[in-house]
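Here is the structure we will look at.
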Amino acid sequence: MTATSIAAPRSPRRMRSRTNTELYAWLFMRISGVLLLVLVFGHLFVNLMVGEGINALDFAFVAGKWASPFWQIWDLLMLWLAMIHGTNGLRTIINDYAERDMLRMWLKVGLYTATAITIVLGTLVIFTFDPCPAEAAAHLLPSFCPAP
Amino acid sequence: MPKAPAGTLYRGREGMWSWVAHRVTGVGIFFFLFVHVLDTALVRVSPEAYNEVIHTYQTPIVGLMEAGLVGAIIFHAFNGIRIILVDFWGKGPRYQRQMLVGVGVLWVVLMVPFLVRHLSHVFGG
Ligand code: HEM
């Protein structure tokens with residue numbers, strides 16, 4: 001560059017293709033938020049308030065719930081929506097506070113890795129779960145398991 | 001990195017503080033969720049492993065953390081609805097303040113029965 005050039009006012013800092021990704025992310029936060037309100041409050045109510053409450057939580061309790069496709073789908077939806085909602089929220093926060101390009105990039109790599117692991121692990125657990133594992137002591141299992 | 005000069009803390013009103021609280025609770029819930037998926041994954045290891053870890057949670061300290069977590073979720077959820085109403089409801093911005101009061105009222109209404117029940121489990125055995 002020989003002469004100092006001054007960019008026209010309001011010209012974008014970087015030329016890139018214009019997309020609506022941020023708009024969709026914004027909309028997703030709101031739609032998932034409304035769904036999560038129902039899913040999370042239902043989850044807390046059934047696990048903490050009904051019956052014996054938190055003291056009833058054990059393997060048999062979880063097995064009893066996931067024996068039903070209703071709770072499998074409920075928990076699956078909650079897992080995916082909460083993880084994507086939370087990850088997108090953290091992405092915003094990283095963008096807000098991490099000013100160095102490299103730092104910002106690595107924080108997001110770490111975030112997306114943790115998210116992917118959590119979603120895959122959680123999904124596998126919900127669907128490969130066996131409520132009556134053969135080698136387990138019978139008194140730890142839900143009552144509907146066949147006697148050994 | 002440009003730094004703001006000292007002594008210029010912006011003291012916003014309820015709008016700023018509810019935003020701060022929404023952010024802090026959102027991050028807190030996210031990290032909890034991460035741990036919560038990991039501990040629940042123990043049901044795939046064995047009933048003994050799961051029950052053992054859940055049992056170690058039954059201490060007063062964890063019990064109080066659980067109460068804090070539920071408080072954070074209730075605030076984040078209702079304040080999230082408030083944000084959505086500010087964005088989509090024509091009169092939302094005008095009533096944002098009243099809606100924040102509503103969030104506080106709902107928070108108390110849900111927290112009181114929850115705390116009675118939860119803390120009596122935690123401290124009453
Ligand atoms: C229970 C129902 C929930 C509702 C109604 C809700 C609603 C919202 C809304 C409306 C936003 C604002 C997004 C924006 O400003 O563009 C938001 C942000 C956020 N939420 Fe939620 N949310 C809920 C649950 C969760 C859960 C379970 C998590 C964690 C996994 C979470 C983590 C976050 C985070 C980290 C942010 C970003 C905060 C910020 O940018 O300051 N939320 N939520």
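Computed from a predicted structure; not experimentally measured. In what follows, every chain begins at residue 1, and chains take the letters A, B, ... in the order their sequences are listed.
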- request: Enter the distance from Tyr97(A):OH to Arg23(B):CZ here, rounded to the nearest 0.5 Å.
  value: 4.0 Å

task: State the CZ-CG distance between Phe61(A) and Asn51(B), to the nearest 0.5 angstrom.
output: 12.5 Å

- request: Carefully, step by step, assess Leu48(A) and Val70(B) under the rule side-chain contact (heavy atoms from CB on, under 4.5 Å).
  value: CA-CA 10 Å; Leu48(A) 302 182; Val70(B) 170; 4.2 Å; yes

Where does [X] contact chain A at under 4.5 Å (heavy atoms): side chain, backbone, both or neither?
X         : value
Glu66(B)  : side chain
Val53(B)  : neither
Phe114(B) : both
Ile74(B)  : both
His55(B)  : neither

Tell me, for [X] versus chain B, whether the close heavy atoms (under 4.5 Å) come from the side chain, the backbone, both or neither.
X         : value
Thr87(A)  : both
Ile93(A)  : both
Met83(A)  : both
Ile117(A) : neither
Asp96(A)  : side chain
Ala63(A)  : neither
Ile31(A)  : neither

- prompt: Are Met29(A) and Ile83(B) close enough, and set up right, to give a side-chain contact (heavy atoms from CB on, under 4.5 Å), and what steps lead you there?
  reply: CA-CA 11 Å; Met29(A) 288 309 270; Ile83(B) 296 173; over 6 Å; no

- prompt: Are Val101(B) and Trp89(B) co-members of a hydrophobic cluster defined by side-chain heavy atoms under 4.5 Å apart?
  reply: no

query: Salt-bridged, Asp130(A) to Arg44(B), with N to O below 4.0 Å?
result: no

query: Taking the inter-plane angle between the rings of Phe59(A) and Tyr50(B) on a 0 to 90° scale, is it parallel (under 30°), tilted (30 to 60°) or perpendicular (over 60°)?
result: perpendicular

task: Mind ranking Val37(B), Ile84(B), Val43(B) by heavy-atom pairs under 4.5 Å with chain A and telling me who comes out on top?
output: Val43(B)

Residues His85(A), Phe30(B); criterion side-chain contact (heavy atoms from CB on, under 4.5 Å); working and verdict: CA-CA 9 Å; His85(A) 178 105; Phe30(B) 183 83; over 6 Å; no

message: I'd like to know whether the aromatic ring centres of Phe78(B) and Phe41(A) sit less than 6.0 Å apart in this structure.
response: yes

